[in-house]
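Worksheet for the structure shown next.
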Amino acid sequence: MALTPFCSPPPSLCSSFRSLRRGLFLPLLQAYPYTTSKGAVPMPETALMALRFEVLGRFNRARAAQLTLPHFVCQTPLFMPVGTQGTIKGLATNQLEDIGCQIILGNTYHLALRPTSELIDELGGLHKFMNWPRALLTDSGESSGWKANAPYTRGVYSNPSMCFTLAYFGYSCYINRIGADIIMALDDVVKTTITGPRIEEAMYRTLRWIDRCIAAHKRPYDQNLFGIVQGGLDPVLRDICVRGLVDRNLPGYAIGGLAGGEDKDSFWRVVAQCTAALPEDKPRYVMGVGYPLDIVVCSALGADMYDCVYPTRTARFGTALVPEGVLKLKNNAMAEDTRPIDSTCACMVCKNYSRAYIHSLVSKDAMGSQLLSYHNLYYMMQLSRNLHSSIVRGKFPEFVCNFLQKMFPKGDVPEWVCNAMEVAEIDISSCRARFRDD
Amino acid sequence: MALRFEVLGRFNRARAAQLTLPHFECQTPLFMPVGTQGTIKGLTTNQLEDIGCQIILGNTYHLALRPTSELIDELGGLHKFMNWPRALLTDSGGFQMVSLLHLADITEKGVTFQSPVDGKPMLLTPEESIQIQNRIGADIIMALDDVVKTTITGPRIEEAMYRTLRWIDRCIAAHKRPHDQNLFGIVQGGLDPVLRDICVRGLVDRNLPGYAIGGLAGGEDKDSFWRVVAQCTAALPEDKPRYVMGVGYPLDIVVCSALGADMYDCVYPTRTARFGTALVPEGVLKLKHNAMAKDTRPIDPTCACMVCKNYTRAYIHSLVTKDAMGSQLLSYHNLYYMMQLSRNLHSSIVEGKFPEFVCNFLQKMFPKGDVPEWVCNAMEVAEIDISSCCAPFRKD
């Protein structure tokens, strides 16, 4: 199979490709035929795990656990802020520690481009480079990076085997070099709004690729490779994928392909199905989630970990997260409001700055976004802490009701939430307005 | 007067003092970071306190536009609004107008300009400037002066100097809060010693709480610069603070302090941070430089700031071209550097070690002994012996 011409790759890949041309490339292709695989390649019994997951409390499906990673001991459920470039917009390490961040997500694609994973490795790994003493998770760059943006794949995307080989080779090099506590498999992710055979193709490919990720993984003793469940909104496909990944006996599992525009009713059902089928004793990570309400629902259904750009992104639009929902600081009503963003919040921003002051900044100084990012991340970490402690103390239903009452004071809890809570066996009738015939 | 100025130590013309303001007790010589909008790019209140900032400068022009001085007043003043518990200084707004606005025109009434918000003609008078500053509530407020660039010559300079003296009386009359806000006069007169002398004597007659030396740091040659500072510091009262506006580079601050100045402000440390440049004892360090990509040392191993204790040059290098965090970390370090310089100036004068400090400073910055001639001349007038730092003159 000849190399299809493509745009010149980033310099860091050039040396990789020189070694490819030394004869590794063709044997690599021949070893992995691109037909449906007939069975999983099971992990050896002595598969290494670099984490410990200990459930400390439960309420029905919800669980609070201690997740011990190489760099940090975490409490789940937990939210992971997205740090793209190894930094979270405007916040220094000590501020992130003050906020209570436990795991930060780094985007492999961005880091691989600059400063390059070789440099990060040379300088001792991403933890040392960005001076983050707690845990890190790197994604594969899948949705934001390789396929979407990498110019060298655009020309060859029609040839998926070529695409993966390029991405895979880069992936395996980069992801081990960066050195995060949790690394994500390279999966074939499609939007849930797409229908048709592409979803099935992507699910099976994801299963084939997990074996190649496992084979490529050079550091199973200190980096945890999580598999990602795909399959769109099709329960049959999801089931096949879950079983395939569980057979591989991975340290943890993610539920991927959601949070991409699907309706909420489909969303929670996929989460519910996957959490029911994934092992009890391993962490479950719902990727790309999200809104505080979604996190509460998913936790009720048995998920443990979440990531999303939403809190920091919405901060840059002048929006703060509050128990009632959101507060838009750009609104003129904020100009003379001397209250803090959230009078129940104990964060540095709410203890020091008024809505009026932040309002004066949000339209013209990056400081506005920065203060809102700080508050919003604190809000998410406080939500994480509340989820964990309420489950441990056996007060999870009370917490959920309280949360819903603040967000829906008129009792208009969305139907999808009600349905999900029913499956989670959490009684939220006290938060709901009685149905009226209008 | 709403301040107390107590000299704690001297070395010839240089002095270290305690400047007690309504909101904070400061140590001079001191550098004041510029906070334009009531915030210093990316740094929170507690970070500014950690750095050791004592007084922050707010720009009246920007604050008056948004969120407006009336709102600030209504909400209890700028201190409360931005939650800055220490001292604040506001400028008059005049300088911004002249430097930012194309159609600014100065008449006896005041500064006429086109409002950037809606294009309407507007007028900033001495009365209006003081009224705005009264509403904002800073510890020190600046008189509206008629400032011209030192690179201009001719009768405009004399006109501006006399107008400044006429306007100070209007500022004094308009000032409603002399009990808790200190109105500083500003010495103008370009590079002309005669005009400067007239202005100094005119302002000193008004018995103001403090005095600024204005109109410098605008492109004049360094030799003219230090001579004006030297003349003014010699003529201004001993027992009141002297503020050289728009200064500046660490070297300039050391020289001016040797000549008897106490307070400084400049956008340089934060502005140069946004270009990826860090202030270090040797001068500057350019973090964008490729050599920084693998340099695992901190910006300055002698610096005790949060940035130098936590981040490497390599990491900051990776940020400076593409993430605001790079500029932010550099701003933090640079301001810490300036505050540490302030602390060193104060303590070395108090401890009677000022000449040693100056020599040490110059040796690090000019290791080959090539101290600029203007610095040598200024130090001679300041009676500080820096011969140990200067290479002997050679006939090349």
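The basis for the numbers below is simple: all heavy atoms, side chains too, and nothing from hydrogens, waters or symmetry mates. For clarity, every value in this text was computed on a predicted model and none was experimentally measured.
Among B/N46, B/T44, B/L329, the residue making the largest number of heavy-atom pairs under 4.5 Å with chain A is B/T44. Chosen from B/I72, B/I316, B/T45, B/V307, the residue pairing most often with chain A at heavy-atom distances under 4.5 Å is B/T45.
With sequence neighbours excluded, the residues forming a ring-ring contact (aromatic ring centres under 6.0 Å, His included) with A/F129 are B/Y315, listed by chain and number. Scored by the salt bridge (Lys or Arg N to Asp or Glu O under 4.0 Å) test, A/R355 finds A/D337 as partners (sequence neighbours excluded).
Within a 6.0 Å radius of NZ in A/K330, more than 12 heavy atoms belonging to other residues, nucleotides or ligands are found. A 6.0 Å sphere centred on CZ of B/R274 holds more than 12 heavy atoms belonging to other residues, nucleotides or ligands. Atom CZ of A/R313 has 12 or fewer neighbouring heavy atoms from other residues, nucleotides or ligands inside a 6.0 Å radius.
The minimum heavy-atom distance linking B/L71 with A/E336 is given by the pair CD1-CG, 3.4 Å. Of all non-hydrogen atoms in A/A92 and B/M306, the two that sit nearest each other are CB-CE, 4.1 Å. For A/A356 against B/L75, the heavy-atom pair with the smallest separation is CB-CD1, 3.5 Å. Across all their heavy atoms, A/M130 and B/Y311 have their closest contact at O-CE2, 3.6 Å.
For the atom pair CE (B/M325) and CD (A/Q370), the distance works out to 7.5 Å, reported to the nearest 0.5 Å.
Although no hydrogens or angles enter the test, the distance criterion places a donor-acceptor pair under 3.5 Å between the side chain of A/N131 and the main chain of B/N310.
Proximity to chain B is limited to the side chain of A/T338, based on heavy atoms less than 4.5 angstrom apart. For chain A, the nearby parts of B/A314 are the backbone and the side chain; heavy atoms of each come within less than 4.5 Å.
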